[in-house]
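Here is the structure we will look at.
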Protein chains: 4
Amino acid sequence: MCTAVSYHTKDHYFGRNLDFECSYGESVTITPRRFLFSLPEGAEFRTKYAMIGMAHVAEGTPLYYDVVNEKGLAMAGLLFAGNAVYQKRQEGKDNIPSWALLPWILGQCETVAEARELLERIAVTDEPFSEALQPSPMHWMLADAAQCLVIEQMADGLHLYDNPIGVLANNPPFPFHRENIRQYLNVTADPAQDRFSGQELLSPFSRGMGGFGLPGDLSSASRFVRAAFVKLNSRSAEGEKESVSQFFHILGAVEQQRGCCYLGEGKYEITIYSSCCNLEKGIYYYKTYDNHSITAVELHKENLDGEELICYPLA
Amino acid sequence: MCTAVSYHTKDHYFGRNLDFECSYGESVTITPRRFLFSLPEGAEFRTKYAMIGMAHVAEGTPLYYDVVNEKGLAMAGLLFAGNAVYQKRQEGKDNIPSWALLPWILGQCETVAEARELLERIAVTDEPFSEALQPSPMHWMLADAAQCLVIEQMADGLHLYDNPIGVLANNPPFPFHRENIRQYLNVTADPAQDRFSGQELLSPFSRGMGGFGLPGDLSSASRFVRAAFVKLNSRSAEGEKESVSQFFHILGAVEQQRGCCYLGEGKYEITIYSSCCNLEKGIYYYKTYDNHSITAVELHKENLDGEELICYPLA
Amino acid sequence: MCTAVSYHTKDHYFGRNLDFECSYGESVTITPRRFLFSLPEGAEFRTKYAMIGMAHVAEGTPLYYDVVNEKGLAMAGLLFAGNAVYQKRQEGKDNIPSWALLPWILGQCETVAEARELLERIAVTDEPFSEALQPSPMHWMLADAAQCLVIEQMADGLHLYDNPIGVLANNPPFPFHRENIRQYLNVTADPAQDRFSGQELLSPFSRGMGGFGLPGDLSSASRFVRAAFVKLNSRSAEGEKESVSQFFHILGAVEQQRGCCYLGEGKYEITIYSSCCNLEKGIYYYKTYDNHSITAVELHKENLDGEELICYPLA
Amino acid sequence: MCTAVSYHTKDHYFGRNLDFECSYGESVTITPRRFLFSLPEGAEFRTKYAMIGMAHVAEGTPLYYDVVNEKGLAMAGLLFAGNAVYQKRQEGKDNIPSWALLPWILGQCETVAEARELLERIAVTDEPFSEALQPSPMHWMLADAAQCLVIEQMADGLHLYDNPIGVLANNPPFPFHRENIRQYLNVTADPAQDRFSGQELLSPFSRGMGGFGLPGDLSSASRFVRAAFVKLNSRSAEGEKESVSQFFHILGAVEQQRGCCYLGEGKYEITIYSSCCNLEKGIYYYKTYDNHSITAVELHKENLDGEELICYPLA
């Protein structure tokens, strides 16, 4: 389904694979400062900060999949089917429909710490964007240069989890992944040595055998583990080009190739796009399944005080 | 199908699981010294050394599954379907049918080294014991206190492999298992540590997690690896009781529980019996699937210069 | 550490492996009806039902590891280090120290359903049995002929989980195991077929290869999965002998062999004993690490209205 | 180290990842027809067919890593350290040094079948290209539109193996990989179902869980299995763009990310380049580790009857 990753070299990077069987029509979309979002029951809010990310734009409103604001706060939504349970409107809470959560937070927060305060007062509601656009069951990863947080609205309430691993996939809820990854402690990027026999009886037959045991499938649990392994062991030069290249190699390790995840009825899940955003510079990079070249869009090259969304159709 | 193991504490032990969907009727059988074996085409040989092991006795002839002689040389046959290709009779060779190989070798050799010389001159032939008892496709493990050898008669000839691991299972041929086990170098009996992240980010949630990655199924490749792991890491006191107990725990790790290996037509493979023989003392211990108690039969308590086979029906 | 299993043929069976680096001195112990248990702060209770199980007896009090009462309700405690958080005494609750939980429940309940009601009113307290016997961090599996329940007293409260799998091991909490086992759906007791290539390109080389992927290590997560696989696929005749034999084969699949789980300082975890109790007949069977024979003790052959504990030292 | 793949849609594609810790300086190199190769001891040969591929050019001679000729016959060399044993010059054989094997075969053969005849008469010799360029231990994959062959020159002779899987990696020798892949029969691109419990007790928690069990590490054995799985299950439109895109996704599944395969002394193995050649059209596509865009060079747009090598430095 999806994998999100945060990665740090000299700058900080945040991005994701969006995995699905079809595209809903998305574009790299810049929302300028003081953009008006209309909420149910006549409510509305204006963003303070401009933001850039991948969105499906409906009726002039950007429905973001992943997005970064001009302060370097980033957020991505990932499918969380069966576990996401949104709330009914509640008295005394900020009632924010799931589809508006990203601009609500990124429109007014500079950091994860600020967002955490906001989230304490929020009810993530099940109100649809429109009759045609019913809410998708999602959970979210939120990150800045210093911290990473997972947000899960479930039947038993809103959960916020610190995420020192800096990776998110889909089901089950985050606490499972946090335990599951601990099963793979044996896996290492170092050369394999004979730990098996307790004596010098066996030797590796290939480079890379320290990694034996790493799961190679496309389930969310295995993508979480594999993305974490590649991210935590990644080595790259600190320059922008090398950092971004390495980021896409991390996402490449959990990419979904057409044919490997059959859904029935002739449908296959694939990685529709992969994205990477430099949090400091506000540059949004992406690739698509059939366009392997990296395309960049720069937030700060645009007029961020305009009134209109700025949309770049995918290359 | 089967797993054979050699294990050393103060004394030396050799045994096996016999895994199959049914029993052919076997008993612990002692063959005395100077026992006559009749071979095809009027040939025959007399054994020099007495031996004890598990055999199906047909027409007064012990067809051994696993056996140890009074000099401490042990041998077991394990199913090797599709890979064992026995030979036609050859001029200038000792033509020994596969069913007579065990007494041929153990009847006249004290050590693996002696047996190796004998094997250089042998043709393992495809001659059946009788119309009703056609040859089974087998390969063999041969061991004494110092060495362990694997014997595979295949389409491209007779192969002898030194076996420092001291374990044998079934298909594929031994060279595969020798490589395959090298994939599991990460597995350890030591406590797990965070090798995954390259930093102190993760910790084990349970004892025994150093072993994560060890295969748990009943295929021959996985039984080979698991038996090797348990054997190579085994710790036991040196006494007879503790050594034998530990040996059966090693075999227990690769035991086939009824229901876990379905063969179709209502049949399941199970561990018909497990055996362990003290090579120095000539004591043969065994358990069966539904008799968990260990029964012992002692070679040296019998008259080894008699003329008849001595058979102990299974307890 | 430990694995508990419930298993049904014609009768119902419940038992466990106790895995540890040393024994604290336990015996098969029968507690008669109307036996008095003294609790902290002068409280006390008398049992209504007799029970049989493995206990360390301290100052005349049986501290049960696993136990079954005359009504066929069974319970076992398994180590739950780091996750068990017992409570302080609470007003308006039945304050039961962790060490008294088993006789408290089995002394007065006939079924899991009854016990569930009792558990709603309970506080599992952190009061030690004595200065020398501080509370062990445990969680519990409770079963009768119809149901199976897991009980976990954690920092965030008392959790009761229905357990249709009928297996329990140690850390992490039960919800993790319930998800983790779902990773192993591919594993089967049926013969392997080529699902890999989507065509008839590959074939198995051994029986039992449908089980490839089953974890073979001694971690609690892997023992949970392996015990569940063997239990759920077990086939045995319905008689007492065959059922009990099969039960010990299930426990054998998750047994800890000495040497395979090193704890440091020369210590190894082993399966101290394995037990199996017939819930209907009240017969308690067990084996120990170095005594492979099965010993049976029958509840209903004793005077259950006596005043004293009846203890059988281990064979 | 390396992975080679052949893949068929409407046209036929052949390519590879070259994995190493450093580049030796390679370029896309076209060798025209009737190009002269000088061999040791004054021998020489002229190619009949033009070819395009990746080569290190030394003293005007292309030392190809992977190459395709104008007839659609393709070949790649992959590291085979410890197992490749080249021969001394032999009387009555075509003595071809390992570095000249690719142009020797592709210079005169249209098909795998033709090459097989040539290989029967060959001795792959250990003669170095120069003092500075000693022979590398390699094995080779050779493919046309219809067949795929593996060539291994070892201590016991030259082995030719039909390769219906159409994938090659590094050690151990090919027969190991052919057996090893059979361990993964349970893995499927189809949705996971409960095969574990033999009843409807468990369900998948994510898409893609049919693939659980697929190995995710960078060892040659695991890359072989993973590349085979992705290739055999690949679905793509038949057009050139989609086929080439899918080919690079297959190679992406076995790509080496910097940091995940540590070699000691600050060195990491990475995928230096990935290539894909359309066998019918003679178009050579490639990417490098830090240039994710696909670059194409067309054999048939060049003058193939010139006298000079045509080299394209990597983009």
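The basis for the numbers below is simple: all heavy atoms, side chains too, and nothing from hydrogens, waters or symmetry mates. In what follows, chains are A, B, ... by sequence order, proteins preceding strands, each numbered from 1.
- Per-residue heavy-atom pair counts under 4.5 Å with chain D were compared for A:E269, A:Q256, A:R207, A:R223, and the maximum is reached by A:R207.
- Within 6.0 Å of atom CD in D:E238, more than 12 heavy atoms from other residues, nucleotides or ligands are found, so the atom counts as buried in its surroundings.
- Between D:D156 and D:H159, the side chains place a donor N or O and an acceptor N or O closer than 3.5 Å (distance only, hydrogens not considered).
- The closest side-chain donor-acceptor pair between D:E152 and D:H139 falls under 3.5 angstrom.
- Looking only at heavy-atom pairs under 4.5 Å with chain D, the residue among A:S220, A:A192, A:G82 that has the most is A:S220.
- Interface remark: D:Y268 contributes side-chain atoms only to the contact with chain A (heavy atom separation under 4.5 Å).
- Other residues, nucleotides and ligands contribute only 12 or fewer heavy atoms inside 6.0 Å of the CD atom of A:Q193.
- Taking D:N171, D:V225, D:L79 one by one and counting their heavy-atom pairs under 4.5 Å with chain A, the maximum is reached by D:N171.
- Contact annotation for A:S222: only side-chain heavy atoms (C-beta onward) come within less than 4.5 Å of a heavy atom of chain D.
- No hydrogens or angles considered: a donor-acceptor pair under 3.5 Å links the side chains of A:Y289 and D:Q246.
- The contact between A:R226 and chain D is made entirely by side chain atoms (from C-beta outward), counting heavy-atom distances below 4.5 Å.
- A donor and an acceptor atom, one from each side chain of A:E240 and A:N278, are located under 3.5 Å apart.
- Annotation: maximal heavy-atom pairing with chain A below 4.5 Å, among D:I250, D:T271, D:V230, occurs at D:V230.
- Contacts with chain D were tallied for A:P191, A:P204, A:S245, A:A221; A:S245 has the most, counting heavy-atom pairs under 4.5 Å.
- Heavy atoms of A:Y184 lying under 4.5 Å from chain D belong exclusively to its side chain.
- Neither the backbone nor the side chain of A:N170 comes within contact range of chain D; no heavy atom of the residue lies under 4.5 Å from a heavy atom of that chain.
- If you tally non-hydrogen atom pairs under 4.5 Å between each of A:G264, A:G211, A:S219 and chain D, the highest count goes to A:S219.
- Between D:Y161 and D:F174, a ring centre-to-centre spacing shorter than 6.0 Å is recorded.
- Interface residue A:F205: backbone and side-chain heavy atoms are both found under 4.5 Å from chain D.
- With chain D as the partner, the residue from A:L218, A:D290, A:V187 showing the most heavy-atom pairs under 4.5 Å is A:D290.
- Heavy atoms only, all atoms of each residue included: A:L78 and A:A169 are closest at CD2-O, 3.6 Å.
- Looking at D:S234, the atoms closer than 4.5 Å to chain A (heavy atoms on both sides) sit in the backbone and in the side chain alike.
- Counting only heavy atoms from C-beta outward, the side chains of A:Y285 and A:F247 never approach each other to under 4.5 Å.
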